[in-house]
Amino acid sequence: MLAIKRTRRLDPDPAFAATFRALAPRLPGSADAALARVRAEGFERFAALGIPTRRDEAWKFTDVARIANRPMRPAAPVELPLERVLPYLLGGPRARRLVFVDGRLQPQWSHTGGLPEGVIVESLARAAETRPVALAEALAGLDDGRSFTALNAAFADSGAWIELPAGVVLDAPLQLLFVATGGEPPVMSHPRCILRLGDGASLSLLETHVGLGEGAALGNAVLQLALGPGARLEHDRLELLGPASALLAKLDGSLAAGARYRQTTVVLGGALVRNEHEVRIDGPGVECLLSGVAVPSRGEEADTFVRIHHRAGGSHSDQFFKSVVEAGGHNAFAGKIIVHKGAQKTNAYQKNDNLLLSDDSEVDTKPELEIYADDVKCSHGATCGELDAAALFYLRARGIGAETARALLIHAFAAEVIGRLGDPTARALAEQRLLARLGGGLDPALAASVIGEAA
Amino acid sequence: MATALETVKDYTGSEYKYGFTTPVEEERFPPGLDEDVVRRLSAIKREPAWLTEWRVAALRRWQTMTLPDWQKPTFPPIDFQAISYYAAPKQKERPKSLDEIDPEIRRTYDKLGIPIREQEILAGVAVDYVFDSVSVATTFKKKLEELGVVFCSISEAVQEHPELVRKYLGSVVPPGDNFFAALNSAVFSDGSFVYVPKGVRCPMELSTYFRINAAGTGQFERTLIIADEGSYVSYLEGCTAPMRDENQLHAAVVELVALDDAEIKYSTVQNWYPGDKDGKGGIYNFVTKRGACRGRRSKISWTQVETGSAITWKYPSCILQGDDSVGEFYSVAVTNNHQQADTGTKMIHIGKRTRSRIVSKGISAGRSDNTYRGLVRILKSAEGARNHTQCDSMLIGEHCGAHTVPYIEVHNRTARCEHEATTSKISEDQLFYCRQRGISEEDAVALIVNGFCREVMNELPMEFAVEARKLLGISLEGSVG
Amino acid sequence: MLTIENLEVSVEGKPILKGLSLTVEAGRVHAIMGPNGSGKSTLAHVLAGREGYEVTGGSVRFGEEDLLAMEPEERAQAGLFLAMQYPVEIPGVANMYFLRQAINAIRKARGQDEIPAAEFMRKVREQAKLLGIGEELLKRDLNAGFSGGEKKRNEILQMAMLEPRLCILDETDSGLDIDALRTVADGVNRLRSPERAFLVITHYQRLLDYIVPDVVHVMADGRIRRSGGPELARELEERGYEGLLGTRLAA
């Protein structure tokens with residue numbers, strides 16, 4: 001095999017090294033030698049890997065260097081009034097949550113009280129003190145050859161350590177809220193979450209990334225999931241970023257036999273929002289459902305990258321991603337199902353549907369299958385098109401104005417994914433943001449009533 | 001018409017029927033490639049200066065290029081200096097009539113089932129016979145000439161129709177397009193040339209039969225087909241090679257040009273030697289095929305049945321430039337034992353209301369890997385473009401792999417693209433059902449596989465469909481049980 | 001014609017047939033009835049040579065031959081036909097094409113020439129008409145998208161065309177409405193002849209109103225428990241399996 005061509009990677013901006021040198025002594029857990037070493041190694045690895053360019057197949061559709069390879073600063077503490085954050089506090093009155101603003105825990109809005117015995121929910125900074133060795137191992141344990149994961153290991157500032165022992169079912173949702181304020185040079189934060197569910201444990205997780213204001217920010221998040229046998233995780237993600245902000249989110253998950261993982265991601269806003277999923281299915285009876293919808297417009301880019309590894313047979317995975325792209329937006333999807341040798345009786349599906357609503361917009365999709373077992377059911381489909389003219393006409397013939405009809409149909413298209421959000425408050429917020437984006441004077445009640453008729 | 005089952009039966013027991021060699025006296029270059037080799041090759045072919053310089057420029061370009069590495073198949077490094085770039089049966093002049101052909105070569109084609117004759121089974125087909133690096137015969141030339149259809153070897157075309165060759169050669173696949181296209185542009189030795197004049201519907205199938213015979217050589221043919229306004233042509237190619245333990249390189253370039261209202265139907269039954277059951281030997285089939293639908297309402301349709309070669313690496317593509325032009329790609333790729341196939345198509349939509357359709361059927365057996373890789377790109381200008389893609393894979397046995405890598409890039413809101421893919425196996429139920437009705441297991445596999453591929457097989461001209469069905473059965477022999 | 005002696009069969013180590021004996025003579029129609037799980041369908045599949053059944057004891061002779069030593073296609077070529085409960089779909093393979101392949105495979109095995117195309121067409125049309133199978137169904141892919149009734153009629157069409165010596169009907173009545181049942185039964189009755197034997201496997205007596213058997217066997221727990229004339233089926237209808245056999249049966 002030939003060596004990787006250098007042109008596929010760019011050297012990182014020198015500011016990264018300078019920032020790391022200055023910041024390292026102040027990062028969570030810097031007093032612990034093992035943790036400090038893992039961070040230093042993470043930075044070296046990042047520098048060696050460089051910033052990917054579009055010649056790197058995994059980054060073929062979006063130019064991340066444009067956003068991520070420039071001088072950035074770690075955030076200074078910010079004082080935010082509660083009303084700025086209030087709309088994003090989800091999960092109802094009983095929800096527990098950790099709130100971070102620009103990479104710092106906000107204890108005044110966070111609470112994790114009344115947890116059952118043995119359950120751990122603590123911020124990354126806290127975990128760096130209480131379990132530095134375990135944290136160092138977790139950081140070092142994920143080397144996926146991805147430069148931003150290594151960068152996160154070096155800079156990890158926020159995030160959480162979450163552990164549910166066997167059999168524990170958490171009665172209320174747990175929210176992780178990451179707020180970025182932005183500025184110039186852009187503010188960067190590096191949340192790292194480690195989530196482990198023991199046998200049969202169950203959790204509803206709300207992960208929310210929010211950008212406030214017009215300023216630029218980069219969120220570089222890594223989430224490491226491990227679901228034990230029969231564990232259940234309901235994972236709702238809302239990514240509501242400002243027009244100059246970017247989010248690179250990597251999810252690395254292992255699912256043991258009988259585990260059930262449902263994730264729904266809604267992307268509404270962000271200069272570049274890249275969601276990467278690498279999920280390994282390690283036993284039979286697993287159910288892994290990933291869905292998402294993105295609505296990029298006005299130069300925004302949304303990029304979804306999925307790898308599902310069926311390493312054991314007898315499990316089921318389903319990818320269901322949609323996008324609505326308009327006014328100079330760009331959506332990319334690259335999903336792959338890998339059925340490893342011997343993983344017989346696998347069922348794996350993948351669907352990517354796109355609405356492309358203007359000629360200055362772009363949709364790229366690459367649904368891939370890689371199959372090494374013969375007794376499997378795998379299929380995928382991808383579509384790209386504009387709104388159905390017949391449906392538009394139908395609505396207008398019922399007296400609905402063109403703008404509203406259009407908004408209604410787009411809403412119906414996206415609602416199929418938004419409806420999969422498990423938490424009603426998350427669903428309501430996503431819905432409200434979507435309608436605001438679509439215009440056309442839609443109110444949610446009307447949307448719900450007319451869609452039934454048109455469909 | 002013989003049925004698939006009968007013909008499979010006829011071949012039972014034979015592994016690769018075409019694996020013999022022909023003892024002909026050859027003229028060949030020693031191994032190695034440099035500017036001198038290219039100039040000598042061009043001189044032997046008495047080419048005009050522009051073509052010599054075109055080749056040399058391509059060589060210089062090639063020397064700066066590196067082998068691509070994005071493909072799925074893996075293979076050891078190729079020593080391009082160990083290959084002989086010219087091998088041809090010794091003959092003073094190209095025979096003036098079919099009667100003057102070397103009897104050994106004549107016997108070879110008899111054995112391959114495509115006798116050099118203008119009669120009998122090939123009555124409806126004009127054939128160009130390419131033996132190693134040169135074309136040795138072309139049938140029905142006279143009849144075609146009466147209609148103004150030019151069908152000859154590309155070497156002859158360089159002499160007799162230099163203006164057409166100069167105008168179109170490299171216009172669809174430029175010399176620097178990719179590593180193997182550059183290599184081919186520098187050293188191509190022969191191939192077929194077709195020109196169908198305005199308004200002419202070519203009355204017979206045109207066919208080229210490629211045969212690699214010599215050891216230690218590569219085959220680098222170049223095919224150029226031009227369909228002028230309102231014309232139609234159906235072209236077929238077939239290929240075989242002797243069984244050898246070494247891997248031989250076949251790096252062809254095919255360029256098609258369809259002008260206004262013209263249609264080109266290009267069918268391939270590829271049966272180069274696939275290597276033995278342990279993966280030893282076999283042809284590396286690294287081919288660049290591309291068609292340009294330059295004219296309005298033009299149409300290019302690729303149909304391929306790929307059963308041979310140790311590695312198949314090719315993407316017959318369409319550039320849909322003319323408004324309302326149509327591109328089609330119908331493919332069956334069968335891999336068994338240690339074969340690797342990485343094949344598919346590119347459909348580039350430029351013109352308004354351009355349409356493309358892709359139907360790909362991949363069948364993997366043994367320890368083989370079979371990849372569909374395709375691109376559908378809709379440019380901003382392609383108002384109202386349509387694409388439909390269907391990719392189905394079938395796996396036979398648990399040691400093979402089937403992969404689907406489609407790229408869809410859309411820049412126009414009025415375009416509509418749909419892609420569907422499925423993976424299946426031959427079920428025990430289906431096999432038992434056939435056997436309960438008296439059909440043997442091997443025949444049942446051939447039957448079910450042929451059914452799986454029917455959509456593509458239906459696109460082949462009759463003469464080829466029969467051969468292709470046989471091949472499917474033979475390629476999968478020993479894959480079950 | 002068919003002699004089964006003490007046949008014992010297991011599936012994944014679990015005994016299903018536990019010493020079943022049965023003799024079927026040419027020209028006779030034998031019905032096998034039994035509750036779910038009694039081993040009826042296992043018997044049909046073992047006779048046709050389906051994989052996944054382990055014969056642990058006993059023997060089966062078909063004419064002079066050891067049936068169990070033969071491959072499925074050899075059994076078919078020797079004249080054994082199984083009309084399946086769930087005929088499979090084979091996309092891309094046309095119904096008629098498949099039928100011709102099967103006929104020619106069987107003729108070839110018997111040292112006969114291929115069936116001439118005209119004769120084949122004439123016979124198919126004739127039989128299809130009798131079975132109420134339209135031209136359109138003949139042209140479609142084998143069983144692909146056929147309704148339950150169409151699949152069963154297609155099985156009988158194949159049976160008629162392949163001219164077997166022994167016809168095994170595995171729950172052919174399941175999923176059929178009364179009209180389809182009558183058509184199928186008529187098809188079977190037309191094929192009755194002194195050279196041909198039938199083994200009709202069914203859960204319900206209903207089918208036997210139309211295909212009147214010479215002998216009725218009642219199976220339970222992997223064995224034939226009672227044999228008798230057509231009146232046995234009626235008795236069964238009245239008393240049920242439990243009443244007839246005087247034992248409680250697993251559902």
Out of curiosity, [X] [atom1] to [Y] [atom2], how far, rounded to the nearest 0.5 Å?
X	Y	atom1	atom2	value
B:Asp429	C:Arg50	CG	CZ	4.5 Å
B:Glu442	C:Glu73	CD	CD	10.5 Å
C:Asn143	B:Tyr433	CG	OH	4.5 Å
B:Ile448	C:Phe98	CD1	CZ	8.5 Å
C:Met84	B:Phe432	CE	CZ	4.5 Å

Is [X] close to chain B through its backbone or its side chain, or both, or neither, when contacts mean heavy atoms under 4.5 Å?
X	answer
C:Leu80	both
C:Pro87	both
C:Arg75	neither
C:Glu74	neither
C:Leu162	side chain
C:Ala94	both

Are more than 12 heavy atoms, taken from residues, nucleotides or ligands other than [X], located less than 6.0 Å from that residue's [atom1] atom?
X	atom1	value
B:Lys346	NZ	no
C:Gln112	CD	yes
C:Glu12	CD	no
C:Asp66	CG	yes
C:Tyr86	OH	no
B:Arg355	CZ	no

Whether C:Gln101 side chain and B:Ile439 backbone form a donor-acceptor pair below 3.5 Å: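 A pair under 3.5 Å: no.
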Check: B:Gln430 and C:Pro91 side chains under 4.5 Å, non-hydrogen atoms: yes
Residue pair C:His45 / B:Gln436, side-chain heavy-atom distance below 4.5 Å: no
By side-chain hydrogen bond (donor to acceptor under 3.5 Å, both in side chains) - contacts of C:Asn95 (at least two apart): C:Asn154
Nearest heavy-atom neighbours spanning C:Val93 and B:Gly451: CG2-CA, 3.7 Å
Closest non-hydrogen atom pair between C:Ala105 and B:Gly438, with its separation: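 For C:Ala105 versus B:Gly438, the nearest heavy atoms are CB-O, 3.4 Å.
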Partner chain B: residue of C:Ile90, C:Leu99, C:Ile103 with the largest heavy-atom pair count (under 4.5 Å):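 Answer, by heavy-atom pair count under 4.5 Å with chain B: C:Ile90.
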Chain C contacts, top residue of B:Glu428, B:Arg454, B:Arg437 (heavy-atom pairs, under 4.5 Å): B:Arg437
Stepwise side-chain contact (heavy atoms from CB on, under 4.5 Å) test for C:Val88 and B:Cys434: CA-CA 9 Å; C:Val88 297; B:Cys434 292; over 6 Å; no
